[in-house]
Structure formats: C-alpha cells, structure tokens
Amino acid sequence: MTARTLYDKIWDDHVVHQADDGTCLLYIDRHLVHEVTSPQAFEGLRMSNRKVRAPEKTIAVPDHNVPTTLDRANAATMTEDSRIQVAALDQNARDFGINYYPVSDVRQGIVHIVGPEQGWTLPGMTVVCGDSHTATHGAFGALAHGIGTSEVEHVLATQTLIQRKGKNMKVEITGSLRPGVTAKDITMAVIGETGTGGGTGYVIEYCGQAIRELSMEGRMTVCNMAIEGGARAGLIAPDEKTFAYCMGRPHAPKGAAWEAAVAYWKTLFTDEGAHFDKVVTIKGEDIAPLVTWGTSPEDVLPITAVVPSPSDFTGGKVEAVQRALDYMGLVPGQKLSDIKIDTVFIGSCTNGRIEDLRAAAAILKGKKKKDGIRAMVVPGSGLVRAQAEEEGLAQIFIDAGFEWRLAGCSMCLAMNPDQLAPGERCAATSNRNFEGRQGRGGRTHLLSPGMAAAAAITGHLTDVRELMAETV
Ligand SMILES: CC(C)[C@H](C(=O)O)[C@@H](O)C(=O)O
Ligand code: SF4
C-alpha cells in the first residue's frame, strides 16, 4: 500500500462517495454549533420540514454574543441582536433535540474549548463547526473544518459535507522551546514565516520534537491559528498525551470500546515516506516570545525588535504596512517594548484554557497590574473557571487587579459588550488583530498569556523573560 499522511488516512476513512470530478461526500462525526452561524441553517430545516439527521452527534453552545459579567443572567446586559441569536439557539436546541450547554450550565464556554473538554472531540474524527477556528480540534488528530452557514444546514440535514481534498503540508518544529516561549509563539512564528496565504489549499500537519513536547492545551493553541495561516485545517498526530487527555471525559468511549478506540487511534500517524506537497521547518530554539505590530497575524516580530518600516517590504505589502502603522498609531523604528497599552485581555479559544491561565498567573503572582490599565481574564469555559478557582489562580488575578469573568468569546471579537474604544490599545491572547476586531478603532497586539500578564504589570509590551528572571 502506498504511504499515506495522517490527513490522507482520516480522509479515506470518511469518504462516503467520490464524484468523477474528485468532489467527495465526507461523513461527519461531530457537528459543533454556536449561535452566530446557525439560526438560518435551522430555519432552512424547518422550512423544508427536515429533522437533524444525527442529533446525538450535534452539540450546541452559545459563546460569541454572551456577556461575561456576573450579572449576565439579566437579559438587559445583551444587545437586541445578541438576545435574538441566543434565544434562537435555546429554541433550536430544544426543538431539534441536540446536545446543549445553555448559558446557565457550568459546562458552557467557547465551542472549541467545550468540545474537547467534554470528550466530543476525539482522534480520527471529522469535526465541523460554522466557525473558522474549528481547526483547534486538529490537535487531537481529528480532521476539523470550519464551514459556512449553508454547509451547517447541509450537515444538520445529512451528517455529511461536500469537500474537495486539500494538499498536504508539513510544518516541523525541531528541538525544544526556550524558557518563556510557548505554543502561541510557535503558531505565530509559523504564520510570520509562511504569511497568511502560505497554507491556502493545504491541510497542515504540525510535527517535530517541540510539538510532541507540548501539552494538549498547547497543541490546541497551535492548531487554532492554522486558519490564520490560510490552511483548511491543522493536524497533530495523537499520542499517549492525547489518549490521557481523552480518557474518562464524559463522551469518550469506555471499557472495551475505549480499548478498541485506542487501538485505532494508534494507527493515526503519517507513514514513513508519505508525500507532502509543501514542507516548512523551524528550529524551536530560534523562536522568541513574539508580538504582532500590525493588523494581520503575519505582522509578527520578536518582542526585542522594533516597529518595521514600509520600505522593509516589497509589492502590495508596502502600502498595507503603511496603512497598518497609521491604524495602529506606530512609527517605524520604535521599540516594540516601548509601546504603551491600555487594556489586557487574557482568554479566547486560542489561550483560554487552564494551562494559559496558569502561565499568566505564574507571572502575576504577588504583583499588581499597572494603575489605569483595564485588565480581564475570561476563562474559556465554566469548567476552566471552576478549576482556576480551585487552584487559586482566580485569587491571583483578582489580587493583581484583573476582572475575573464568566466564560465566552468576550473581547476576542466585538460581538458582545466587551469591546475596545476607538484608539484603545490592547495586549490580547486571541488570534486576530484585524482593524476593528476588538471594537471600532481598537488596536490589538497578539501575544502569549505570559506576555499579556507581563504587559499588564509594566503598562507596555514587555519581554516576559525579564519578569521570569525576577521570580527565579
Ligand atoms: C463569528 C464566527 C463566524 C467567526 C469565525 O468564523 O471565526 C468568529 O468566531 C471569529 O473568530 O472571527
Ligand atoms: S474566541 Fe474568538 S476566535 Fe474563538 S470562536 Fe470566539 S470569536 Fe472566534
């Protein structure tokens, strides 16, 4: 048999039908649903008098629109649009009998955090969601596609998705990371190297020692941003860490079914000699703590660098950089570590898991945020929040002057009350720094949780390694 990549194997195991032009019908194992991209899809089912084909494989949770303040049970804290979308999801979940974690449920949270946490996401599965950051689930060796609203309706009705196969790309991170460097820096380093279009048409498999050394949380952070590099999905081959994470989760298989599942999962790796259409290799030890300076995730540099000049670039990027610098209110040559910030946001499906909160708390312990800085920690799920409280992390954040919020997408995007004011500058652990992403006129610098914590203490973008040295 010809050598196959991990992507080839999962694909082959899910093809229901292949048309002559190569278009395939793929079977979908898990369909995750949130309030923003599903209302019209459910409406479509109603109009054509259809049911959800596999309600037991369909999981819904409101996350984008929900307020994260403690008073959120009061509907008046939501805008009219948000209220309508969340109410529609409540109603659709009831009417169609799908799995549901409403706002009042402690398991509620960002869909990409809830899926793995509850054991819905497992190795070898196909996972879809009407959301681009579905790539996150690839950390388990699951083929996870973000889909559009019309595809959401198709999957609800048929449990299949029409897809053409993408090309195989390998991203290898060799060696080990240096202290202060995290999964977030890996994934931003890859985008810095390949650009936001580098992965277009590909499914990326991340591999190499530095990837193997990451926890499952870190692997999710890496795969989460595959889409920002243009890829259709990101994948990491499952291993003992993956199995340990999945074992005992509410919806993971049990007993003999577990043994059978693990035996299959152990076959999910790229065969020796399998063909990749594109290969990128980065040395783990060369990656520094990174920060974005512009309005695209590829606008990334080590914290020790200076703001670049448009003349450092060529082609269409020259103008784009000028525009980005104008929007961001930065001048070429300015040290990145001199950039003053107003706000710190720790959370999102990129960095809202327990390990992220531990990393931020390790820097903040016994310290205070700088006066005048607005700082918030928004756990990715109610269970992450509960665990952080149990571990004493919540108290560290509160003592440092941070707001300790309820779970949701929050300030990752301006669809709920957590937003930047025009001109406000934010150090954010999320994944997109587009113009207006966190609020009209808001300025976003993407970085790791430890870097965000460091910025909160000093009031400017800061090399986390300087604060680590202090704590040793
Ligand atoms: C609202 C949703 C469709 C969107 C996405 O697809 O990613 C959001 O989650 C985002 O991060 O921009
Ligand atoms: S946390 Fe941000 S990136 Fe993730 S799903 Fe929500 S809005 Fe999208």
Side-chain angles (χ1 to χ4, degrees), residues 10-11 13-66 75 78-105 107-112 114-115 118-122 125-134 137 142-165 232-233 250-251 408-409 415:
I10 305 177
W11 178 274
D13 281 353
H14 288 83
V15 174
V16 176
H17 175 77
Q18 178 156 0
D20 292 340
D21 69 354
T23 311
C24 289
L25 199 59
L26 280 190
Y27 187 77
I28 298 304
D29 297 311
R30 293 287 182 260
H31 187 187
L32 307 173
V33 173
H34 65 60
E35 78 278 22
V36 179
T37 47
S38 65
Q40 286 160 304
F42 283 111
E43 223 25 64
L45 289 192
R46 267 195 196 91
M47 296 203 341
S48 52
N49 229 342
R50 284 173 189 265
K51 292 188 164 98
V52 171
R53 168 80 188 217
E56 73 285 3
K57 298 177 182 178
T58 310
I59 300 99
V61 60
D63 53 6
H64 286 71
N65 282 322
V66 297
M78 282 200 226
T79 63
E80 183 65 10
D81 279 356
S82 302
R83 233 189 334 266
I84 292 171
Q85 285 188 344
V86 174
L89 192 63
D90 284 344
Q91 185 70 43
N92 289 328
R94 261 197 307 275
D95 290 356
F96 291 91
I98 59 179
N99 298 286
Y100 191 45
Y101 304 104
V103 174
S104 56
D105 193 310
R107 298 167 296 177
Q108 178 269 343
I110 304 169
V111 67
H112 308 307
V114 172
Q118 292 301 320
W120 291 113
T121 305
L122 296 169
M125 284 185 163
T126 47
V127 179
V128 297
C129 176
D131 193 284
S132 56
H133 297 100
T134 308
H137 307 265
L143 179 57
H145 292 108
I147 56 176
T149 298
S150 56
E151 291 173 311
V152 171
E153 184 177 344
H154 189 278
V155 178
L156 287 173
T158 66
Q159 205 59 23
T160 64
L161 178 71
I162 298 168
Q163 274 281 305
R164 291 182 82 89
K165 189 157 182 230
R232 276 203 220 172
H251 298 280
C409 293
M415 276 190 184

Just so I know, are the side chains of Asp131 and His34 near enough to count as touching, which here means a heavy-atom distance under 4.5 Å? yes
Evaluate the ring planes of His133 and His112, with Trp represented by its six-membered ring, and classify them as parallel (under 30°), tilted (30 to 60°) or perpendicular (over 60°). perpendicular
Counting C-beta onward and ignoring hydrogens, is there a side-chain heavy-atom pair between Asp21 and Arg164 closer than 4.5 Å? yes
Verify, without hydrogens or angle tests, whether Asn99 (side chain) and Glu56 (backbone) share a donor-acceptor contact under 3.5 angstrom. yes
Could you give me the CA-CA distance, side-chain angles and deciding distance for His137 and Leu32, then say whether side-chain contact (heavy atoms from CB on, under 4.5 Å) is met? CA-CA 11 Å; His137 307 265; Leu32 307 173; 3.3 Å; yes
Would you call the rings of His251 and Trp120 parallel, tilted or perpendicular, taking 30° and 60° as the class edges? parallel
What distance separates Leu156 CG from Arg53 CZ, expressed to the nearest 0.5 Å? 12.5 Å
How about Val152 and Phe42: do any of their side-chain heavy atoms sit closer than 4.5 Å? no
Kindly compute the distance separating CD (Gln40) from CG (Leu45), expressed to the nearest 0.5 Å. 12.5 Å
Could you check whether any side-chain heavy atom of Leu161 comes within less than 4.5 Å of a side-chain heavy atom of Leu25, counting everything from C-beta outward? no
Stepwise side-chain contact (heavy atoms from CB on, under 4.5 Å) check, Gln85 with Val36: CA-CA 7 Å; Gln85 285 188 344; Val36 179; 3.8 Å; yes
Tell me the closest heavy-atom pair linking Pro62 and Pro102, and the distance in Å. CD-CA, 4.4 Å
For Val33 and Cys129 the tightest heavy-atom approach is N-SG, 4.4 Å
Beyond-backbone contact of Glu35 with Asp63, side-chain heavy atoms, under 4.5 angstrom: yes
What are the two closest heavy atoms between Thr37 and Thr149, and how far apart are they? O-OG1, 3.2 Å
Glu151 side chain to Gly148 backbone, donor-acceptor under 3.5 Å: yes
Listed partners of Asp95 passing salt bridge (Lys or Arg N to Asp or Glu O under 4.0 Å), at least two apart: Arg46
Has Thr134 got a side-chain atom pairing as donor or acceptor with Gly130's backbone, closer than 3.5 angstrom? no
What are the two closest non-hydrogen atoms of Arg50 and Ala157, and how far apart are they? CD-CB, 3.9 Å
Show the numbers, then the answer: is there a side-chain contact (heavy atoms from CB on, under 4.5 Å) between Arg30 and Val127? CA-CA 5 Å; Arg30 293 287 182 260; Val127 179; 4.2 Å; yes
Hey, does the side chain of His145 reach the backbone of Ile147 with a donor-acceptor pair shorter than 3.5 angstrom? no
Leu26 and Val16: side-chain contact (heavy atoms from CB on, under 4.5 Å), yes or no, with the steps? CA-CA 6 Å; Leu26 280 190; Val16 176; over 6 Å; no
Any donor-acceptor N/O pair, Gln159 side chain to Ile28 backbone, under 3.5 Å: yes
Nearest heavy-atom approach of Val61 to Tyr101 is CG2-O, 3.5 Å
If you look at every heavy atom in Thr160 and His154, which pair is closest and at what distance? O-ND1, 2.9 Å
Measure the shortest side-chain to side-chain distance between Tyr100 and Asp105 over non-hydrogen atoms and say whether it is less than 4.5 angstrom. no
Check for a donor-acceptor pair, side chain of Thr126 on one end and backbone N or O of Asp29 on the other, with a separation under 3.5 Å. yes
Above 12 or not: heavy atoms from other molecules or residues under 6.0 Å from CD of Gln91? yes
